[in-house]
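Proteins get letters first, then strands, A, B, ... in listed order; numbering begins at 1 in each.
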Amino acid sequence: MIYVTFTPYGAFGVKDNKEVSGLEDIEYKKLFNEEEIPDIMFKLKTQPNKIADELKEEWGDEIKLETLSTEPFNIGEFLRNNLFKVGKELGYFNNYDEFRKKMHYWSTELTKKVIKSYAQQKDKIIIQVAEAISDLDKTLNLLSERLREWYSLYFPELDHLVNKHEVYANLITKLGKRKNFTKSQLKKILPSKLAGKIAEAAKNSMGGELEDYDLDVIVKFAEEINHLYEKRKELYNYLEKLMNEEAPNITKLAGVSLGARLIGLAGGLEKLAKMPASTIQVLGAEKALFAHLRMGVEPPKHGIIYNHPLIQGSPHWQRGKIARALACKLAIAARADYVGDYIADELLEKLNKRVEEIRRKYPKPPKKKKKEKPKAKKKEKKGKKEKSKKKKDKKKDKKGKKERKVIGKTKSRK
Amino acid sequence: MEDIKIKEIFENIYEVDLGDGLKRIATKSIVKGKKVYDEKIIKIGDEEYRIWNPNKSKLAAAIIKGLKVMPIKRDSKILYLGASAGTTPSHVADIADKGIVYAIEYAPRIMRELLDACAERENIIPILGDANKPQEYANIVEKVDVIYEDVAQPNQAEILIKNAKWFLKKGGYGMIAIKARSIDVTKDPKEIFKEQKEILEAGGFKIVDEVDIEPFEKDHVMFVGIWEGK
């Protein structure tokens with residue numbers, strides 16, 4: 001077994017973790033060309049096992065790399081004590097200034113490479129696109145609310161008749177003046193029943209009259225909002241494409257938006273793939289989760305996966321159970337996406353089966369225990385009841401503390 | 001400009017009196033004419049001094065609050081854990097102008113800013129790595145005189161000890177900014193500081209200085225310890 005330590009300028013090894021006190025004690029040496037150094041450092045960081053295999057072939061013995069060990073090697077200790085001196089002896093540096101300059105250059109180049117490789121990961125793009133869409137949604141809501149208030153000075157009835165912001169902005173862009181809100185014009189955009197109502201309202205509107213140039217400004221504003229809606233559609237299509245390429249399993253199970261947001265909350269596909277299902281279940285409900293762990297209040301049933309139609313479309317007493325099943329399947333889906341398998345159809349089938357089972361088993365809400373309370377009160381056991389309650393609370397507190405400690409540890413591992 | 005008084009309080013660290021009664025410290029810039037963040041620069045003769053803002057740097061806050069032991073010297077080798085965007089490391093590099101600063105940062109996003117900040121400071125070696133796994137950057141970092149840590153992690157004391165085992169010379173110094181809030185929000189900060197001190201001492205550090213850096217940062221303490229080995 002050869003114990004190998006890397007420096008920026010070379011790989012050094014000794015058999016069986018021997019003590020090293022000078023360059024002459026080092027049995028295996030591989031020196032690098034200066035131009036290749038950042039590349040080699042990058043490879044060591046990203047594919048250390050590959051490097052170990054290559055060295056094994058070259059030196060003809062099993063290789064143990066210090067970068068994969070939790071304890072420092074003796075040879076590593078020697079090299080770290082003499083990093084400049086050894087490098088100087090091997091001809092890489094003439095003086096300390098040069099050492100600093102080269103170390104700075106190599107490390108900067110390495111860091112740039114690593115950052116570049118991170119930025120090229122598609123899941124980082126997914127996160128940004130999903131965030132951009134959510135920013136657009138917020139902005140669009142804000143601007144649309146303003147548009148409604150503004151245009152209502154002129155045509156207040158329209159506000160209640162058209163609920164969708166997008167349609168509302170579209171109507172103003174296309175028609176603008178109240179007199180253009182005729183049934184024949186409206187029919188091109190809306191269903192005829194609603195078109196009739198709006199046309200009627202436009203005729204008898206209680207809105208004030210506006211000068212053309214006052215109205216123009218509003219129409220321009222509505223146009224901009226429409227542009228933003230188009231932009232949002234474009235982004236959504238792009239996100240859909242990305243998600244289908246990068247995370248087909250998650251997309252199939254959770255849909256485009258929810259899937260992207262899960263990846264975003266986890267901080268990347270890799271991180272999501274490494275999460276336990278229970279964490280995925282409460283992603284996005286961190287506040288409630290920590291309130292539970294600290295204060296012992298009820299734990300959250302679901303985080304962001306609440307937005308899934310399977311959960312939203314179910315009665316409240318089934319939601320927790322469905323959330324758990326969904327999170328389990330999502331955890332598997334994330335792992336499959338991470339390694340590049342497609343197993344979504346199978347997963348979806350199993351999930352639907354399980355959901356059906358839950359619905360069959362729990363068709364009615366559980367009976368509330370509250371009904372028993374007044375009976376107990378009647379039997380004048382108030383004092384005892386309160387005491388037992390207190391005890392329960394204390395127990396919960398203790399539980400919370402214990403669990404919190406565990407969480408701290410897992411967090412630090414990162 | 002005429003009234004500026006300057007006094008060296010530690011090696012290569014200066015107290016600047018601009019005549020307004022405020023206590024300010026500064027370091028001599030090794031890259032003239034370049035700001036790292038929005039620090040104030042004053043010129044005296046040929047030299048440029050960068051004012052070191054204690055609200056942005058815990059080390060500056062500790063010095064102003066009366067740090068007694070300052071192990072970072074002109075020729076020190078320093079391992080800096082949690083370099084962030086490079087505010088404090090740039091000043092540390094100013095002080096150790098004959099030495100070297102290995103700056104570890106975990107987040108790629110922040111690393112971009114650090115790279116920018118240290119582009120012309122050749123005594124800063126930027127390293128993208130996880131301070132929890134010293135083996136992953138052991139191929140770059142050599143044995144150092146000082147480890148400075150500011151990572152705001154629940155296990156930050158253990159991280160310092162782990163890194164000391166790999167990189168700190170015997171008799172070298174560890175400096176750590178402890179943030180009570182990031183260890184446990186519910187506990188009393190004083191209790192946390194005591195606990196963390198015990199962890200450091202059990203791990204092999206002899207604590208020689210301790211500074212509370214209120215009011216610059218809430219519930220923060222800076223510990224300085226000498227490494228006595230395992």
Side-chain angles (χ1 to χ4, degrees), chain A residues 5-8 10-11 40-41 44-45 48 65-73 76-87 96-108 110-119 124 290 294-295 400-401 404-405 407-409 411-414, chain B residues 75 77 93 96-112 114-116 118-144 151 153-156 158-159 162 165-170 182-187:
Chain A
T5 291
F6 272 73
T7 65
I40 295 171
M41 286 164 100
L44 184 71
K45 194 174 169 71
L65 287 182
E66 196 183 32
T67 44
L68 301 175
S69 154
T70 49
E71 291 296 322
F73 294 172
E77 292 284 292
F78 165 75
L79 286 166
R80 278 189 292 281
N81 268 316
N82 302 285
L83 192 65
F84 165 58
K85 231 171 86 187
V86 171
Y96 197 68
D97 259 347
E98 209 182 336
F99 168 73
R100 295 198 305 186
K101 223 175 231 176
K102 284 188 175 169
M103 289 289 283
H104 175 87
Y105 172 74
W106 292 331
S107 196
T108 305
L110 165 69
T111 307
K112 279 184 189 164
K113 273 180 204 291
V114 179
I115 290 179
K116 204 171 172 183
S117 75
Y118 276 123
K124 299 287 184 294
F290 284 104
R294 294 231 168 79
M295 273 98 81
K401 268 182 193 170
R404 188 188 56 230
K405 272 184 186 166
I407 288 247
K409 270 183 194 165
K411 207 179 176 188
S412 69
R413 252 183 243 144
K414 260 190 184 179
Chain B
D75 56 357
K77 293 172 182 169
D97 58 352
K98 298 265 186 295
I100 191 162
V101 183
Y102 296 93
I104 315 284
E105 171 56 41
Y106 178 70
R109 173 69 191 79
I110 310 283
M111 194 54 171
R112 290 209 308 248
L114 178 63
L115 279 182
D116 207 33
C118 69
E120 288 162 50
R121 292 171 190 269
E122 284 173 343
N123 56 345
I124 300 183
I125 317 293
I127 297 168
L128 190 64
D130 183 353
N132 261 309
K133 295 173 185 154
Q135 65 270 26
E136 287 184 4
Y137 45 85
N139 63 322
I140 306 171
V141 180
E142 60 182 320
K143 288 275 178 182
V144 296
V151 297
Q153 289 278 324
N155 63 337
Q156 49 177 302
E158 284 93 348
I159 292 178
K162 214 188 272 181
K165 278 182 187 163
W166 280 80
F167 304 114
L168 195 52
K169 287 176 186 164
K170 207 166 180 190
S182 68
I183 292 168
D184 194 330
V185 241
T186 55
K187 264 193 208 154

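Heavy-atom distances place no part of K162(B) under 4.5 Å from chain A, backbone and side chain included. With a threshold of 4.5 angstrom between heavy atoms, T5(A) does not approach chain B through any atom at all. When heavy atoms are compared at a cutoff of 4.5 Å, L79(A) does not approach chain B at all. At a 4.5 Å heavy-atom cutoff, the contact between R112(B) and chain A is made by backbone and side-chain atoms alike.
In terms of heavy-atom pairs under 4.5 angstrom with chain A, the leader among Y102(B), Y137(B), W166(B) is W166(B). The greatest number of non-hydrogen atom pairs below 4.5 Å with chain A, out of P108(B), P126(B), P134(B), is found for P126(B). Top candidate by heavy-atom pairs under 4.5 Å with chain A, chosen from I183(B), V185(B), I140(B), I127(B), is I140(B).
Open room surrounds OH on Y105(A); 12 or fewer heavy atoms of other groups in view lie less than 6.0 Å from it.
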Practice item. Evaluate the salt bridge (Lys or Arg N to Asp or Glu O under 4.0 Å) criterion for residues E71(A) and K165(B): first the C-alpha distance (whole Å), next the side-chain angles of each, then the deciding distance (0.1 Å), finally the verdict. Key: CA-CA 9 Å; E71(A) 291 296 322; K165(B) 278 182 187 163; 5.9 Å; no

Exercise for review: List the steps and the verdict of side chain to side chain contact (heavy atoms under 4.5 Å, CB included) for V141(B) and R80(A).
Suggested key: CA-CA 7 Å; V141(B) 180; R80(A) 278 189 292 281; 5.7 Å; no

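Remark: E98(A) engages K102(A) in a salt bridge, criterion side-chain N to carboxylate O under 4.0 Å.
The two atoms that bring I159(B) and A131(B) nearest to each other are CG2-O, 3.5 Å, heavy atoms only.
If you take CZ on F167(B) and NZ on K143(B), they are separated by 8.5 Å, rounding to the nearest 0.5 Å.
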